[in-house]
Student: 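Sharing a structure here in structure tokens format.
Each chain gets a letter, A, B and so on, in the order its sequence line appears, and its residues count up from 1. Small disclaimer: the values here were computed from a predicted structure and weren't measured. Just so it is clear, the values below take in all heavy atoms, side chains as well, and ignore hydrogens, waters and symmetry mates.
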There are 2 protein chains.
Amino acid sequence: MKNFLKVERAKQNITQAELAVRVGVSRQTINSIEIGKYVPSTLLALKIASVFEVSLDHIFMLEESDWS
Amino acid sequence: MKNFLKVERAKQNITQAELAVRVGVSRQTINSIEIGKYVPSTLLALKIASVFEVSLDHIFMLEESDWS
DNA sequence: TCAAAAAGACAAGTTTGTTTTACATTTTAT
DNA sequence: ATAAAATGTAAAACAAACTTGTCTTTTTGA
């Protein structure tokens, strides 16, 4: 799964720490998601999308390899 | 978090078992999500949305209480 | 009405997400 | 050039997602 968290943060000029506070997780959680260390729960992903005011599909996307 | 998995399955006439196979998880996982036992990962939620050919936001929705 | 299929439930165990702490590196602004 | 802010990284511990297995209940259709 790909994500455009970093891009979206850049667009809206929000730091990892600030995003973390706004969605109620630790900064490292945001960082880990951003560098692809793991996939967030749907709850967290929806919250992130909500903070950015975009749809989830705009930030998180399936890849071919996710189906194998 | 609310979800309309059951509704969507009904619409498309797909059983829990069939959906489970198509997204690559156990039937119990689908069942547990449906009855609100737990929240799926973003990967799984995206796959489910993909099988149903709708956007994730159409099936999984945040509630007020998710923010507290 | 009866059997088969589908769905609900539950417990134990494994895997993965998340937190916390702590430190190193990079970026930004002065 | 330097300090401060932001980001990267990593390990240990805990919480939540997911599996497997088994059993019960509900729904469906012949």
Side-chain angles (χ1 to χ4, degrees):
Chain A
M1 220 196 55
K2 249 188 284 194
N3 79 71
F4 296 96
L5 220 54
K6 197 168 183 170
V7 175
E8 209 53 38
R9 271 200 313 108
K11 273 190 196 166
Q12 309 212 11
N13 216 47
I14 294 177
T15 70
Q16 292 181 344
E18 191 183 341
L19 178 57
V21 169
R22 295 189 57 189
V23 299
V25 297
S26 70
R27 179 181 71 79
Q28 286 76 356
T29 295
I30 298 297
N31 184 252
S32 298
I33 294 168
E34 221 166 81
I35 66 183
K37 201 168 170 188
Y38 63 70
V39 172
S41 72
T42 300
L43 188 56
L44 180 48
L46 279 173
K47 284 185 182 178
I48 291 171
S50 166
V51 163
F52 285 143
E53 295 181 312
V54 298
S55 79
L56 191 149
D57 318 49
H58 199 254
I59 306 185
F60 299 94
M61 301 174 70
L62 285 180
E63 297 176 284
E64 279 304 325
S65 60
D66 291 323
W67 292 98
S68 52
Chain B
M1 221 195 55
K2 249 187 286 194
N3 78 70
F4 296 96
L5 220 54
K6 196 168 184 172
V7 175
E8 208 54 37
R9 268 199 317 107
K11 273 189 196 167
Q12 310 211 11
N13 216 47
I14 295 177
T15 70
Q16 292 181 344
E18 191 183 341
L19 179 55
V21 169
R22 296 189 57 188
V23 300
V25 296
S26 69
R27 181 181 70 81
Q28 287 77 355
T29 295
I30 298 297
N31 184 253
S32 298
I33 293 168
E34 224 167 77
I35 66 183
K37 203 167 169 188
Y38 61 71
V39 172
S41 72
T42 299
L43 188 56
L44 178 49
L46 279 173
K47 284 185 182 178
I48 291 172
S50 166
V51 164
F52 285 143
E53 295 182 312
V54 298
S55 79
L56 192 149
D57 318 49
H58 199 255
I59 305 185
F60 299 93
M61 302 175 69
L62 284 180
E63 296 175 284
E64 280 302 325
S65 60
D66 292 324
W67 292 98
S68 52

Student: Provide, to the nearest angstrom, the distance between the CG atom belonging to Asn31(A) and the C1' atom belonging to dT20(C).
Tutor: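 So the two atoms are 14 Å apart, to the nearest Å.
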Student: How close or far is atom P of dC18(D) from atom OH of Tyr38(A), stated in whole angstroms?
Tutor: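 These atoms are roughly 14 Å apart.
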Student: Just how far, in rounded Å, is P of dA7(C) from CD1 of Ile14(B)?
Tutor: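 Spelled out: CD1 on Ile14(B) to P on dA7(C) is 11 Å.
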Student: Could you tell me whether Ser26(B) contacts a base, only the sugar-phosphate backbone, or nothing, with contacts defined as non-hydrogen atoms closer than 4.0 Å?
Tutor: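 Answer is base: heavy atoms of Ser26(B) come under 4.0 Å of a base.
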Student: For Ser41(B) and dC18(D), is the shortest distance between a side-chain N/O and OP1 or OP2 below 4.0 Å?
Tutor: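 It does, given that an N or O in the side chain of Ser41(B) lies less than 4.0 Å from OP1 or OP2 of dC18(D).
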Student: If I compare all heavy atoms of Ala49(B) with all of Ser55(B), which pair ends up nearest, and what's the gap?
Tutor: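 Looking at all heavy atoms of both residues, the closest pair is CB-C, 4.1 Å.
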Student: Lys37(B) NZ to dC18(D) C1': how many Å, rounded?
Tutor: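 So the two atoms are 11 Å apart, to the nearest Å.
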Student: Taking Arg9(B) as the fixed residue, which of Gln12(B), Lys6(B), Lys11(B) is the one that meets the side chain to side chain contact (heavy atoms under 4.5 Å, CB included) rule?
Tutor: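 Answer after filtering Gln12(B), Lys6(B), Lys11(B): Lys6(B).
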Student: Please report, rounded to the nearest Å, how far the P atom of dA16(D) is from the CG atom of Leu44(B).
Tutor: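 Answer to the nearest Å: 18 Å.
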Student: Taking CD1 from Ile30(A) and P from dT20(C), how many angstroms apart are they, rounded to a whole number?
Tutor: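 Answer to the nearest Å: 13 Å.
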Student: If you assign Arg27(A) and Gly24(A) each to the DNA chain C nucleotide with the nearest heavy atom, which residue ends up on the more 5' nucleotide?
Tutor: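 In this pair, the answer is Gly24(A).
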Student: Send over the distance from Glu34(A) CD to dT26(C) C1', rounded to a whole Å.
Tutor: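 Taking atom C1' of dT26(C) as the reference, CD of Glu34(A) is at 14 Å.
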Student: I'd like to know if Gln28(A) reaches the base of dT20(C) with its side chain, counting only an N/O donor and acceptor under 3.5 Å.
Tutor: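 Side chain to base: no pair below 3.5 Å.
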Student: List the atom of Glu63(B), the atom of Met1(B), and the distance in Å for their closest heavy-atom pair.
Tutor: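 Closest approach of Glu63(B) to Met1(B), heavy atoms only: OE1-N, 3.0 Å.
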Student: Which pair of heavy atoms, one from Thr42(B) and one from Ser41(A), lies closest together, and at what distance?
Tutor: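 Smallest heavy-atom distance, with atoms named: OG1-O, 3.2 Å.
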Student: Rounded off to whole Å, could you give me the CG-to-P distance for the Leu19(A) and dG8(D) pair?
Tutor: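 After rounding, the gap between these two atoms is 13 Å.
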